[in-house]
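A, B, ... follow the sequence lines: proteins, then strands. Residue 1 opens every chain. Because only heavy atoms are used, hydrogens play no part in the values below, and waters and symmetry mates are left out as well, while side chains stay in.
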Amino acid sequence: MTHKRRELIQYAIFAAFIIAVPLVFRGRQSYYVSMLALSGIYAIVALGLNLLMGFAGQISLGHAAFFSIGAYTTAILSTRLGWQPIAGLLPAVAVSGFAAFVIGLPTLKLKEHYLAMATLGVGLIAYSLIKADPGGITGGVTGIVNIPPLVIGGFTFDSDRSQFYLIWAVAFLIFALSFNIIDSRIGRALMAIHKSEVSASVLGVNVFSCKLQIFVLSGMYAGLGGFLYAHCSPMYYLNPDDVCHFSLSIKLLTMVVIGGMGSMWGTLLGAVGLSILPEVLRMLGSLFPGVNTTDIEMAIYGLVLAVIMIASPRQRLKKWLRLDKPRRVEPPKDVEV
Amino acid sequence: MAHLQVQGLHKTFDGITAVNDLYFDVRRNEICAIIGPNGAGKTTTFNLLSGVLPADRGKIFFDGNEILGLPPHDIARRGMVRTFQTVSLFDSMTVLDNVKVGCHGKAGAGLFSAALRTPGLRREEKEITKKAMEALKLLGVADRAYDQAGSLPFGQQRLVDIARALASDPEMILLDEPAAGLNAHETTELASLILALKNRGLTVMIIEHDMELIMEIADSIVVLDQGMKIACGPPADIQKDPRVITAYLGDED
């Protein structure tokens with residue numbers, strides 16, 4: 001089977017899943033549809049984080065900041081200023097991207113893990129600022145209520161099912177765009193940077209510019225996720241603990257790591273899997289009264305990160321999990337070897 | 001005018017002088033070897049030329065333009081590329097993708113045309129694939145194009161490393177100990193390959209310990225010792241130079 005054909009089949013399976021979910025979970029089970037819609041939002045953000053971490057090898061510990069900047073930008077515009085919800089899309093994405101640009105500009109020139117430290121700091125600052133609300137625009141701890149649902153071409157996305165389809169259509173698009181980026185000059189440069197910045201640079205790769213571009217793009221993905229979250233969240237309500245807390249940054253990071261860094265399909269599965277996790281824990285938790293399942297959730301992220309970080313350099317485990325790359329890929333038909 | 005002019009190049013590390021007020025010229029389309037004992041400053045010189053390390057002072061003219069202080073990717077895009085002593089291929093990528101990275105500077109497609117797979121990008125990608133395959137064919141490793149780079153034997157990795165540097169159609173290539181770790185047969189092939197590069201119009205600079213190889217292919221030799229140039233000239237002169245014999249070859253005879 002050729003490379004192209006396999007790719008098409010994968011996309012078709014992905015699309016079929018998206019179409020099927022709301023048809024399978026109906027009536028009383030429609031709760032699962034809204035939960036999986038939320039997982040689509042996380043998938044969008046995690047795909048951007050995967051481009052940054054899995055491909056370019058740069059770590060962000062504060063992606064929740066960009067997510068919340070997107071969410072709050074559109075929420076403020078549509079509630080305080082009365083903008084049409086869809087009009088908030090560009091500002092949300094642009095402001096998040098700009099925030100990433102401002103943070104990336106000084107830190108990405110440096111080697112090592114300065115970006116991780118800087119994003120960690122920015123995440124904490126964003127959280128405090130949104131929560132303290134010195135400007136009186138974010139609503140502080142109470143957050144922002146009554147955010148209007150999206151209206152596109154006269155259609156209002158206010159049901160679980162319509163929101164699910166909207167979010168996953170966007171996720172599908174973002175997935176395809178990201179795949180194209182990876183399979184291009186830019187994608188190859190990112191992987192080269194990941195292995196060795198010096199080797200990449202003497203081959204003509206502008207390392208700083210590539211890292212900055214991909215960081216801004218991942219910030220924009222996060223802003224897009226935040227935009228969708230604001231207009232599709234349960235009860236149309238934003239508060240800092242849901243969208244800006246450090247634990248969200250860790251959750252997003254875990255989604256990328258658990259899916260195998262640098263694997264786009266893995267990131268999708270990681271996003272869906274970790275979005276379902278709280279629900280699974282809640283069900284298990286009912287068997288053990290008195291146990292706080294939210295604490296267990298964070299402990300699981302920690303455990304996953306620790307185990308994968310310790311085990312990932314080990315070849316045998318990689319083979320067992322089939323994470324090792326194939327030693328030879330199929331050459332495309334139109335290239336003479 | 002010389003292809004490369006090095007004037008008063010100087011570099012110290014924590015007070016230790018690695019390259020000491022170095023002057024030399026490399027003529028267009030010649031093979032110029034840099035030799036000298038370990039610690040003579042040969043690799044540091046390459047690092048300064050390619051912009052990997054900043055120099056303390058001096059001037060480097062490539063094609064008549066001052067390049068000292070430019071970032072490595074800029075120097076590569078102007079046509080001077082290099083390889084390292086230790087081959088570091090992007091080992092989880094295929095051989096072909098490794099060499100395609102070498103074409104990076106010659107192509108211009110940005111993030112958005114890549115994301116949208118515009119017709120211009122597709123054309124450019126085809127061109128890159130063609131260029132990369134040509135470089136692999138030149139080095140005789142085209143049959144490994146779709147193998148994972150890390151799975152190749154060492155000798156072939158070295159060839160892919162050179163192919164990667166050549167993919168951008170450079171004017172000048174700096175090879176840092178390309179024969180290290182190669183067997184006799186591979187070294188012979190390397191020698192004819194380097195001569196082939198010269199025939200294609202490239203200027204070649206080479207650091208090498210294999211004196212037989214150097215004497216066979218080099219047009220001129222620069223001898224370094226403790227960061228200083230102690231001699232330079234054609235191989236026949238260098239072989240006879242008493243300072244070189246003392247400093248580099250030892251006093252055995």
Notebook entry, point to check: What option among B:K130, B:E124, B:K106, B:R77 has the most heavy-atom pairs under 4.5 Å with chain A?
Noted result: B:R77

Notebook entry, point to check: Do B:C32 and B:V222 touch side chain to side chain, with heavy atoms closer than 4.5 Å?
Noted result: yes

Item checked: Side chain proximity check, B:I207 to B:L175, heavy atoms < 4.5 angstrom -> no

Checklist line | B:R144 side chain reached by B:V160 side chain, heavy atoms, under 4.5 Å | finding: no

Note to self: Within a 6.0 Å radius of atom OH on A:Y11, are there more than 12 heavy atoms belonging to other residues, nucleotides or ligands?
What the structure shows: yes

Check: By a 4.5 Å heavy-atom criterion (distance strictly below it), what part of B:I128 contacts chain A: side chain, backbone, both, or neither?
Finding: side chain

Next item on the list: For residues B:T83 and B:A165, report the shortest heavy-atom separation together with the two atoms involved.
Entry: CG2-CB, 4.2 Å

Note to self: Only pairs of heavy atoms separated by less than 4.5 Å count here; which of B:M80, B:R164, B:R78 has the most with chain A?
What the structure shows: B:R164

Next item on the list: Kindly assign one of parallel, tilted or perpendicular to the pair A:Y42 and A:F67, based on the angle between their ring planes and the thresholds 30° and 60°.
Entry: tilted

Check: With chain A, which of B:S50, B:A109, B:G110 has the greatest number of heavy-atom pairs at distances under 4.5 Å?
Finding: B:A109

Notebook entry, point to check: With ring centroids as reference points, do A:F101 and A:F215 lie under 6.0 angstrom apart?
Noted result: no

Checklist line | Candidate pair A:S209 and A:Q213, rule side chain to side chain donor-acceptor pair (under 3.5 Å), full reasoning | finding: CA-CA 6 Å; A:S209 156; A:Q213 283 184 49; 3.2 Å; yes

Next item on the list: Would you check if there is a donor-acceptor pair between the side chains of B:D56 and B:T12 at a distance under 3.5 Å?
Entry: yes

Checklist line | Closest-packed option against chain B by number of heavy-atom pairs under 4.5 Å, given A:A192, A:S184, A:S199 | finding: A:A192

Checklist line | Main-chain N/O of B:R27 paired with B:E30 side-chain donor or acceptor, under 3.5 Å | finding: yes

Notebook entry, point to check: Is the NZ or CZ atom of A:K195 both under 6.0 Å from the centre of the six-membered ring of B:F90 and within 45° of that ring's axis?
Noted result: no

Next item on the list: Using the six-membered ring of B:F84, assess whether NZ or CZ of B:R82 lies under 6.0 Å from its centre and within 45 degrees of the ring axis.
Entry: yes

Item checked: Pairs of heavy atoms under 4.5 Å with chain A: top-ranked of B:A167, B:A76, B:A115 -> B:A115

Note to self: Can you list the residues of residues 57-70 of chain B that sit under 4.5 Å from chain A, counting heavy atoms only?
What the structure shows: none

Item checked: B:S168 portion near chain A, given a 4.5 angstrom heavy-atom threshold -> neither

Check: So what's closer than 4.5 Å to chain A heavy atoms on B:L89: side chain, backbone, both or neither?
Finding: backbone

Checklist line | Interface residue of largest heavy-atom contact number with chain A, from B:S88, B:S113, B:C103, under 4.5 Å | finding: B:S88

Item checked: Contact listing (chain B partner; residues 175-182 of chain A; heavy atom under 4.5 Å) -> A:L177, A:N180, A:I181

Item checked: chain A contacts, top residue of B:P170, B:P71, B:P72 (heavy-atom pairs, under 4.5 Å) -> B:P72

Notebook entry, point to check: Got B:H104 and A:L203 here, is their nearest side-chain heavy-atom distance under 4.5 Å?
Noted result: no

Next item on the list: Identify which part of B:V52 has an atom lying under 4.5 Å from any heavy atom of chain A, answering side chain, backbone, both or neither.
Entry: side chain

Next item on the list: For residues A:I167 and A:I44, report the shortest heavy-atom separation together with the two atoms involved.
Entry: O-CD1, 4.1 Å

Item checked: Nearest non-hydrogen partners of B:D176 and B:R158, listed with the distance -> O-NH1, 4.4 Å

